[in-house]
Structure formats: C-alpha cells, structure tokens
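Taking it in order: structure first as structure tokens, then the write-up.
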2 protein chains.
Amino acid sequence: MKIAVLGTGMVGKAIAGRLHELGHTVVIGTRDPAATLARTEPDGMGNPPFSAWRAAHESVAVATLADAAASAELVVNASSGAVSLDLLGLAGADNLAGKVLVDIANPLDFSHGFPPTLFVKDTDSLGEQIQRAFPETKVVKTLNTLNASLMVDPKSLGESSSIFVSGNDSQAKATVVSLLQSFGHDDVIDLGPLETARGTEMLLPIWLRLMGTLGTGTFNFKIVR
Amino acid sequence: MKIAVLGTGMVGKAIAGRLHELGHTVVIGTRDPAATLARTEPDGMGNPPFSAWRAAHESVAVATLADAAASAELVVNASSGAVSLDLLGLAGADNLAGKVLVDIANPLDFSHGFPPTLFVKDTDSLGEQIQRAFPETKVVKTLNTLNASLMVDPKSLGESSSIFVSGNDSQAKATVVSLLQSFGHDDVIDLGPLETARGTEMLLPIWLRLMGTLGTGTFNFKIVR
C-alpha cells in the first residue's frame, strides 16, 4: 500500500521503517523536507538526527506534508498532539479526503511541566477533533497507548498484550486492524466509534506514571479476561 | 485487624465479606443502620437488598459511619465518589485521624448520562481531595480499577493481572499491600505518592468502554513488562 507518515519524531520513524520493511511504499511528510534532511544534531531528547535514520532507510521518500498525503492511499498522523490539527491542515483536506487516517497522537500539554496534562479529555478527544476538522477522512485512533518500538514490534515484550482501535468507519478499521496484525499485534480490541478514543487518550496519565515507576517505557496494557 | 467498611453497595459488601472470611473483625458503616437493615427490595441495579447479604454474613456488624470508623484500626471508603467527602465527614475527622483509609471510590459524574464523566481529573483526584480534607488520615488509593468481585478475588480471572497503589505514607501502603496480597493480588504496582491516583482514576473512561465492548465487567488490566 502507498502510505504517508506525517511526523519525523520517534513514532514517525518507527512506523515508517516498519511499514517499509513490510513491503509498503512509504513517504514521510514534513513541513520542510530540506530542513529535516539537513538536521545533523541529536534532537531535544538526545535521539539521533533524522539524517542518520534516513541514511539507513534510503528507500523511504521524504516530501512536503501535502505531497506526501496526496500520493498516499492511507495516512498516519505521527505528529505531536499539540500540532496535529495544524500539520493536517498543511497536508490539506483535499489530499486527505476519502482516505484512512491512522491517528496515533496524544493531546499532551507540557506547558505546566511533567507529567503533562491532557488539553482535551472526557467530553471530547483529539481523535474526534481531527474527525470534525476533516469530515471526509476516515479517522481511526490506535497505537497511542504504548511506546514507538512496541507499536511496531509488540512481540518483543515476549508476552501477548492489547491494542485498541476506535473509529466510525468499519472498513477503515478493518484496514487498520490488518496493518496492526502485520506489526505483530495479536489482541486488537475494537472499542467501537471514535468517541471511545476518549478512553485510550485518558490512559496517558497512568502510562506516564508507570513509566516513572517502572523506569522504562517498555511495557504495555493487557486486558486480561 | 479491626476494619470499618463505609458503604453498603456491591463494593462494600464484597470487601466486607472477604475481610471477614480472612479473619478480620469487620463493621460496615452506613448513614442509618436501621434503614439499611430494613431494606428488602433489590437496589436500582437489581442487586439483592442489604438484608439478604447480611443474613449470610451475620458476624459482620453494622453501625453508624462514626461508630464504625471509631472502632476500627483501618477504614475502607467503599462509597460512591460523588458522596465520599460527605460520608467521610459524617464518619468524623477525629475518628479517622491517624488511621489508614483505603480509598476505592471513583469521581464518576452520571449527570450527563452514560458513560459517566469524571468530576475531577488530570490536575487533581478524588484521593487527593480526601487527603486534603482529612490531613491526619493516611489515604491509600487502590482497587478502583476493577469490579467488586475481582477486587477481592483476582485469581478468579485464571491469569495474573495488576493492581495499583498510590499514597504518601509508605507504612500505610505496606499495610494495604499486605491486605491486597491476602485477597490474591500477585502483581501490586506502587505508583508512588497519592498524586498518581490521577492516573488510576483516569482509567475509568476506558474501563467503562471496555465493559461495553466486552459485554462484561469481569476483566482487569495487566501491565506486561
């Protein structure tokens, strides 16, 4: 499948790399491709620069947000939640219309320190905000409840764990579930309509505190039943 | 241990019954003991009346909130979150002073329909509100992330799952962890100070949606790591 991944951070790189490995045609979308490719310094978190990742993934194209979205059959929102609506606006409603949008972003607000709070919760969700802003796009919320490496390789935990999907379009969810299964997710729980993304986005407060307690982000929720 | 359980609903009955079975001296605290014992009709959820439960648990005492709290070494808040502060006020700050208070309540607001929203979240929690209202009491938040029958018998799931504790007093948490282990909890995760109750209380939105999707409340979170 032709897939555009919007975002060049840990999540974007992990998803793009895995999709390419699985045989998809992948393009990463970014505001300014030349600037992104020119980065040679580690990012604010100490992660290697995009250019280092790209050198190991030369078959992954890099394009503007609009060109990436226009060329793709399916689009992944791997941006920070605080800028997701802006970035998707730059990608363009026309370029996103009729397509499945996999929304991984979380509505984290770091303006009051760590742990961040959520800038939308309980009576709305970022997934629903995106759906309202792009009504012709089929938004499916998933993968926002675990770290980037486990998103694309959950079996590395050595034990089955759960992943959630929320969305209003059954066919779009079926497409996304297939992708998740190709990543190794063997317990995909369809929570129902996109409204249920309120539940998965509100997992972040405990996720962040568990990361602190366990001293690692390498863990995942399993729904034992 | 002498334990008071405040609340006569599903949670109160499950906790009181299990503690009694484990050899503790248990008293259930309620606003009006005579009225509680006189109930012969099923509750609003179709559960058997308190009198039916009491007939099978005659060794569990029933007393006013204040008398129950006064007689106990450890107190369990098994009331609805919306009335917890009122009920604990009736139990009396003096009767709660210096004691461990196990807070199981969730800040659910049903005034906007189902699923309920949370009346406090993200920047505060019900556990912290109770701690501020009763500063001489050692509040430990736990057991608010699974249904009543699994609270007291997690092994009935047939597979290990996780339970969380949050609190500011290490000794109080150690007491509560021992009680949890006596119930069968074999993966107790100490999240740290009571502030982390924000994380566990914010699990309710996905818990409620999972109950809808799975068609049962008989499930629990396991942190796979």
Side-chain angles (χ1 to χ4, degrees), chain A residues 107-109 112-113 115-125 144-147 150 154-162 164-166 187 189-193 195-225, chain B residues 107-109 112-113 115-125 145-147 150 154-162 164-166 187-193 195-225:
Chain A
L108 298 177
D109 174 3
H112 305 288
T117 52
L118 301 181
F119 62 74
V120 59
K121 52 193 168 269
D122 217 8
T123 54
D124 196 7
S125 62
N144 62 311
T145 56
L146 72 184
N147 79 2
L150 292 178
K155 288 194 187 306
S156 64
L157 270 178
E159 196 180 325
S160 174
S161 58
S162 305
F164 310 101
V165 294
S166 304
D187 184 34
I189 299 179
D190 181 348
L191 290 173
E195 175 275 342
T196 60
R198 298 175 196 181
T200 53
E201 293 180 5
M202 288 177 76
L203 273 172
L204 267 289
I206 193 166
W207 191 94
L208 290 157
R209 288 165 176 88
L210 280 165
M211 183 177 67
T213 294
L214 302 175
T216 174
T218 307
F219 65 86
N220 191 24
F221 301 98
K222 165 75 183 175
I223 305 304
V224 179
R225 71 260 193 208
Chain B
L108 299 177
D109 174 2
H112 305 289
T117 52
L118 300 181
F119 62 74
V120 59
K121 52 193 167 269
D122 218 6
T123 55
D124 196 5
S125 62
T145 56
L146 73 181
N147 79 2
L150 293 177
K155 288 197 187 305
S156 64
L157 269 178
E159 196 179 326
S160 175
S161 58
S162 305
F164 310 101
V165 294
S166 304
D187 184 35
V188 182
I189 300 178
D190 182 348
L191 289 171
E195 175 276 340
T196 60
R198 298 175 196 180
T200 53
E201 292 180 3
M202 287 176 78
L203 273 173
L204 266 288
I206 193 167
W207 191 94
L208 290 158
R209 287 165 178 88
L210 280 164
M211 182 178 66
T213 294
L214 302 175
T216 175
T218 308
F219 63 87
N220 192 24
F221 300 98
K222 165 76 183 176
I223 305 304
V224 179
R225 69 258 194 211

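Proteins get letters first, then strands, A, B, ... in listed order; numbering begins at 1 in each. Any value given below was found using the heavy atoms of this structure, including those in side chains, with hydrogens, waters and symmetry copies removed. Bear in mind the structure is a predicted one, so any value in this text is a computation, not a measurement.
The most heavy-atom pairs under 4.5 Å with chain A, out of B:Asp122, B:Thr196, B:Asn220, B:Leu150, come from B:Asp122. Of the listed residues B:Leu191, B:Leu157, B:Asp190, B:Leu214, the one with more heavy-atom pairs under 4.5 angstrom with chain A than any other is B:Leu191. For the set B:Thr200, B:Thr123, B:Leu210, the count of heavy-atom pairs under 4.5 angstrom toward chain A peaks at B:Leu210. Looking only at heavy-atom pairs under 4.5 Å with chain A, the residue among B:Leu203, B:Thr216, B:Leu208 that has the most is B:Leu203. Ranking B:Thr213, B:Thr117, B:Val224 against chain A, the residue ahead of the rest is B:Val224, based on heavy-atom pairs under 4.5 Å.
Of the atoms belonging to B:Thr218, it is backbone heavy atoms, and not side-chain ones, that fall under 4.5 Å from chain A. Both the backbone and the side chain of A:Leu118 come within less than 4.5 Å of a heavy atom of chain B. With a 4.5 Å cut-off on non-hydrogen atoms, A:Glu201 does not touch chain B at all. Proximity to chain A is absent for every atom of B:Ser162, based on heavy atoms less than 4.5 angstrom apart. For A:Ser160, the part lying under 4.5 angstrom from a heavy atom of chain B is the backbone only. Both the backbone and the side chain of B:Ile223 come within contact range of chain A, judged by heavy atoms closer than 4.5 Å.
Nearest heavy-atom pair, A:Ser161 versus A:Phe221, reported as atom, atom and distance to 0.1 Å: CB-O, 3.6 Å.
Partners of B:Asp109 by side-chain hydrogen bond (donor to acceptor under 3.5 Å, both in side chains), not counting sequence neighbours, listed by chain and number: B:Ser111.
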